[in-house]
> 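Got a structure for you, written out below as structure tokens; questions coming shortly.
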Amino acid sequence: MSQEKRLEMLNDYIKMNIAPILVENIPSNIFGSNSVILPAELDISMLNGHYEGIEFMPPSWYVQVVRNSSSSNNILVIDEISRVSKEDQMKFYELLKYRKIGTFDLPKNCVIIITCRDKNIPLINEKLVSLFVHI
């Protein structure tokens, strides 16, 4: 399939926003300056919320996603997921399956995109791959 056709399909899936989208060989910076990019190597402590005093606070990346919710281009990218072990990839399971982290739901218009390099699909946890639309 041509790159042009793949980008057209990607655009259609972004508009529909029905499932996280796995893309191969598309750099994360193509999704624009408003997108929030989480490197797959992100420590789980940075993925989840934290306590400040007695209040449970969302992670900083989540705050940016919520700020972007008024934009038509609200994209959360998990970049190069195949760089980390299949076991470590599971830290994204709740986010990908339930569209939330802890008690914090993603905005309805937030599109989740997962990037990987060509031929790295076998390096992605099967449980996660079952949640994606693959382009």
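For clarity, every value in this text was computed on a predicted model and none was experimentally measured.
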> With rounding to the nearest 0.5 angstrom, report the OG to NE2 distance, Ser60 to His50.
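It is 8.0 Å, given to the nearest 0.5 Å.
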> I'd like to know if the side chain of Tyr13 reaches the main chain of His134, judged simply by a donor and an acceptor atom lying under 3.5 Å from each other, with no hydrogens or angles considered.
no
> Please report the closest heavy-atom contact between Leu47 and Lys91, naming both atoms and the distance.
CD2-O, 3.1 Å
> For Gln89 and Leu123, indicate whether the former's side chain and the latter's backbone hold a donor-acceptor pair under 3.5 Å.
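Present.
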> Between the side chain of Trp61 and the main-chain N/O of Leu38, is any donor-acceptor distance below 3.5 Å?
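Judged by distance alone, no pair lies under 3.5 Å.
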> Do you reckon Phe31 sits in the same ILVMFWY cluster as Ile18, going by side-chain contacts under 4.5 Å, direct or chained?
yes
> Between atom CD of Glu126 and atom CG of Leu128, what is the distance when rounded to the nearest 0.5 Å?
9.0 Å
> Determine whether Ile135 and Ile26 make a side-chain contact, defined as any pair of heavy atoms from C-beta on separated by less than 4.5 Å.
no
> Do side-chain atoms of Asp79 reach the backbone of Thr115 as a donor and acceptor pair under 3.5 angstrom?
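Checking the backbone N and O of Thr115 against the side chain of Asp79, no donor-acceptor pair under 3.5 Å is found.
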> How close do Ser82 and Ile124 get, counting heavy atoms only, and between which atoms?
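In this case the closest contact between Ser82 and Ile124 is CB-CG1, 4.3 Å.
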> Below 4.5 Å, heavy atoms only, C-beta onward: do Ile21 and Ile114 meet side chain to side chain?
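Sidechains of Ile114 and Ile21: no contact.
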> With the side chain counted from C-beta on, respond yes when Arg83 and Glu41 share a heavy-atom pair under 4.5 Å apart, and no when they do not.
yes
> Is the shortest side-chain heavy-atom distance between Ile113 and Ile14 below 4.5 Å?
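Ile113 vs Ile14: side chains touch.
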> Looking only at atom types and distance, does a side-chain atom of Ser35 sit under 3.5 Å from a main-chain N or O of Leu76, one as donor and one as acceptor?
no
> Using the rule that Ile, Leu, Val, Met, Phe, Trp and Tyr join whenever any side-chain heavy atoms are under 4.5 Å apart, tell me whether Met46 and Met57 fall into a single cluster.
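Cluster IDs for Met46 and Met57 differ.
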> To the nearest 0.5 Å, what is the distance between CG (Leu10) and CD (Glu8)?
11.0 Å
> Could you check whether the rings of Tyr93 and Tyr98 sit parallel, tilted or perpendicular, using 30° and 60° as the cut-offs?
perpendicular
> What is the distance from atom OG of Ser33 to atom CG of Asn68, rounded to the nearest 0.5 Å?
9.0 Å
> Output, in order, the C-alpha distance, side-chain angles, deciding distance and verdict of side chain to side chain contact (heavy atoms under 4.5 Å, CB included) for Arg99 and Cys110.
CA-CA 9 Å; Arg99 298 181 48 82; Cys110 181; 3.9 Å; yes
> State, to 0.1 Å, how close Ile81 and Ala40 come at their nearest heavy-atom pair, and which atoms those are.
CA-CB, 3.5 Å
> Hey, are Asn74 and Asn109 close enough side-chain-wise for a donor-acceptor pair under 3.5 Å?
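Looking only at side-chain atoms, Asn74 and Asn109 do form a donor-acceptor pair, the distance falling under 3.5 Å.
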> Can you tell me how far OH of Tyr62 sits from CG of Leu95, rounded to the nearest 0.5 angstrom?
10.5 Å
> Could you measure the distance from the CE atom of Met90 to the CG atom of Asp88? Nearest 0.5 Å is fine.
11.0 Å
> Are Val77 and Val84 linked, directly or through other ILVMFWY residues, by side chains that come within less than 4.5 angstrom of each other?
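No; Val84 is not reachable from Val77 via cluster members.
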> Quick one: are Leu106 and Lys100 in side-chain contact, heavy atoms under 4.5 Å?
no
> If every non-hydrogen atom of Val66 is compared with every non-hydrogen atom of Pro107, which pair is closest and at what distance?
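The pair with the smallest heavy-atom distance is CA-CG, 4.1 Å.
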> Counting only heavy atoms not in Met16 (residues, nucleotides, ligands), do more than 12 fall under 6.0 Å from its CE?
yes
> For residues Pro58 and Val63, report the shortest heavy-atom separation together with the two atoms involved.
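What the structure gives for the nearest pair is CG-CG2, 3.9 Å.
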> Is a donor on one side and an acceptor on the other found under 3.5 Å between the side chain of Lys86 and the backbone of Lys127?
no
